[in-house]
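One structure is given below, encoded as structure tokens.
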Amino acid sequence: MAPHYCHPNNMLFTTVLFLVITTSLSSAALIPTPNHGRSFQQCFYSHHSNNHTQVVIPRNSPLYSPLLNSSIRNNRFLNSSYHSLSKPEFIVNPTRESHIQATIICVKRSGFQVRTRSGGHDYEGLSYSSSTHQKFVLVDLSNFRSIEVDIENETAWVETGATLGELYYRIAEKSRVHGFPAGSCPTVGVGGHFSGGGFGTIFRKYGLAADRVMDARIVDANGEIMDRNSMGEDLFWAIRGGGGASFGVILAWKVELVPVPEIVTIFSVSRIVEQGGVQVFQKWQNVSHNLPKKLFLHAVIKPNNGTIQFVFVGLFLGRVKELLPLMEERFPELGLAAESSQEVSWIQSVMYFAGFAVNNISSKALLNRTSTFDGFFKAKSDYTSEPISGLGLEGLFKRVLEQESSMLILTPYGGRMGEIPDSETPFPHRRGYIYKIQYIVTWDTEEETSLHMRWIRELYEYMAPYVSKAPRAAYYNYRDLDLGRNGKNDDSYERARIWGLKYFNGNFDRLVRVKTAVDPSNFFWNEQSIPVLASH
Ligand SMILES: *[C@@H]1O[C@H](CO)[C@@H](O)[C@H](O)[C@H]1NC(C)=O
Ligand SMILES: *[C@@H]1O[C@H](CO)[C@@H](O)[C@H](O)[C@H]1NC(C)=O
Ligand SMILES: *[C@@H]1O[C@H](CO)[C@@H](O)[C@H](O)[C@H]1NC(C)=O
Ligand SMILES: *[C@@H]1O[C@H](CO)[C@@H](O)[C@H](O)[C@H]1NC(C)=O
Ligand SMILES: *[C@@H]1O[C@H](CO)[C@@H](O)[C@H](O)[C@H]1NC(C)=O
Ligand SMILES: *[C@@H]1O[C@H](CO)[C@@H](O)[C@H](O)[C@H]1NC(C)=O
Ligand SMILES: *[C@@H]1O[C@H](CO)[C@@H](O)[C@H](O)[C@H]1NC(C)=O
Ligand SMILES: *[C@@H]1O[C@H](CO)[C@@H](O)[C@H](O)[C@H]1NC(C)=O
């Protein structure tokens, strides 16, 4: 009976970092030389004697392919030859911070790019593949996952290759009354998730993961390690919502834990159209963002045997006897009954939203880094500040019905999210929004790809009148390379502004200023990294 919404849907972007020697450098540095690869390895081993041979893995190593595939979460990016995406020349699998520092220095010298992967969930595969012909080195942070939970001080240091599941498990191991407000999908890496915002089932009470970051350790473009104090408040602001990839390699976060009750309530109610589902959904649009902060109630819309099914799934930071009268008063149309609710511990609620059975499976399942989803998908996001009209919904449902493997996840805002100023972190989508929509479509074979991509692009076009405008807001952790493709001129700064305003709105200009100050040569670059202001 557990809702299984953690296949593609709650996956979030991992740290995508790449270092490029791009246009700003002399062309001599860009001309590939036959011994490029050798010189990267030689440079690396001059920093680390050859007892670290397992750290730099070349293409011809038997370790290469299993490691590369190990955290590709979307088969769209598995078949790199088909998509003319490039694969890394080397995978660096660091076990200590000095390996990452040496990698940065040597990548810079060799003229490669660098991309960094923590959990591998980024929606466009940018953390391990490239659409440019520039050769690159992948830093896979899967060994960087120590987690130190300090219950006395209610904090934790978590390395960026750790997953959300590992973090939640380590917190619950030490306390039944502490939690952390981040995403539902346990195999997502904390590196990219926190750096792009990071929301989950308790964000209406506690805000985003990024809102709870107290400190960070980051390797900069010179291979130097900085913390909050040495990086300064501008850069510390930028990496809490602006993505780590544009600014450095994030090694670890220090986060503030939050209190959770010893007993919480999970519940789920499903209605199809024929059971009045549309009317219940319309009421949901009106009330979900106004419910008390300690109640999270999201809605899932999907086709089911020729009709539309609405699934309302909730987490209440309290007990059933308090929840039922509250729902009876605020949302009686849902008809929530005691039988649809269950009192559990916070970590069991994490299991529930992750798609595990709650009662009979050990929470150790959260330590499993292998994703259950094995297929192709494409997703997009929107924000709404008013309910979608009945007419708008009709067209939406018609399109959803056409696509058996589609799903929409609607996440109510309000609560704490409406109290935090938009400029507090680079994540700007706070006050005024009633909910966020994630559109998802999944499929099984390469051949179906273009069909499904077209379907979701047409749906996105259809939705334009019903969602936020100027800019049409989008969530950075649901990165979408379609955004900005409609740029009229080809200047990359102008193109970047199109997606930049959608993801960051009024914070985009400050991100550009921070980027220009800390990385003027645009060393950390990717297809959607923060651009550098042209020098005057
Ligand atoms: C590996 O080399 C480093 C010096 O680069 C040395 O300090 C360390 O003890 C060596 N480790 C092993 C296991 O040999
Ligand atoms: C990795 O994925 C590629 C593309 O599907 C495949 O050719 C290769 O055999 C896979 N390697 C391993 C070790 O699974
Ligand atoms: C809590 O923080 C204080 C001050 O930083 C530190 O001295 C103390 O050791 C911390 N407690 C634990 C259990 O680490
Ligand atoms: C939602 O609210 C609007 C105005 O606030 C109202 O007109 C409409 O009837 C409400 N719909 C439902 C289903 O409650
Ligand atoms: C699907 O709907 C048809 C009629 O609309 C019904 O006969 C059939 O039992 C349904 N199948 C399932 C699996 O619900
Ligand atoms: C756990 O419960 C589910 C549903 O109740 C059942 O299908 C599954 O077999 C159980 N698993 C174990 C390990 O008992
Ligand atoms: C980890 O999860 C994967 C995917 O669900 C599963 O195939 C595998 O058996 C799990 N491993 C363990 C040790 O439970
Ligand atoms: C890769 O693409 C080829 C050509 O379309 C296709 O035959 C093959 O099945 C694809 N492999 C995977 C793993 O999707």
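Hydrogens, waters and symmetry mates play no part in the numbers below; they use all other heavy atoms, side chains included. Note that ligands are numbered from 1 as they come in the structure, with each ligand's atoms numbered from 1 the same way. As the structure is a prediction and not an experimental result, all values here were calculated from the model.
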Looking at atom 9 (O) of ligand 4, is any protein heavy atom nearer than 4.0 Å to it?
no
Check the pair T411, Q438 against side-chain hydrogen bond (donor to acceptor under 3.5 Å, both in side chains), reporting the backbone distance first and the verdict last.
CA-CA 8 Å; T411 304; Q438 182 181 196; over 6 Å; no
So, for W284 and Y435, is the gap between ring centers shorter than 6.0 Å?
yes
Determine if the distance from atom 3 (C) of ligand 7 to the closest protein heavy atom is below 4.0 Å.
yes
Test your reading of the structure: does N286 have an N or O sitting under 3.5 Å from an N or O of ligand 4?
yes
Just to verify, what does A162 make a side chain to side chain contact (heavy atoms under 4.5 Å, CB included) with, not counting sequence neighbours?
R145, I147, V158, E166
With heavy atoms under 4.0 Å as the rule, classify the contact between L78 and ligand 2 as side chain, backbone, both or neither.
both
Is the shortest N/O to N/O distance between N368 and ligand 7 below 3.5 Å?
yes
Which atoms of ligand 4 have any heavy atom of K283 under 4.0 Å away?
13 (C), 14 (O)
Do I388 and I437 have side chains that get closer than 4.5 Å, going by heavy atoms?
yes
So do L63 and L67 actually touch side chain to side chain, heavy atoms under 4.5 Å?
no
Could you tell me whether atom 13 (C) of ligand 4 has a protein heavy atom closer than 4.0 Å?
yes
With a cut-off of 4.0 Å, which atoms of ligand 2 are near a heavy atom of P66?
13 (C)
Rounded distance (nearest 0.5 Å) linking atom OG of S71 with atom CZ of R117
3.0 Å
Is N79 in polar range of ligand 2, meaning some N or O pair under 3.5 Å apart?
no
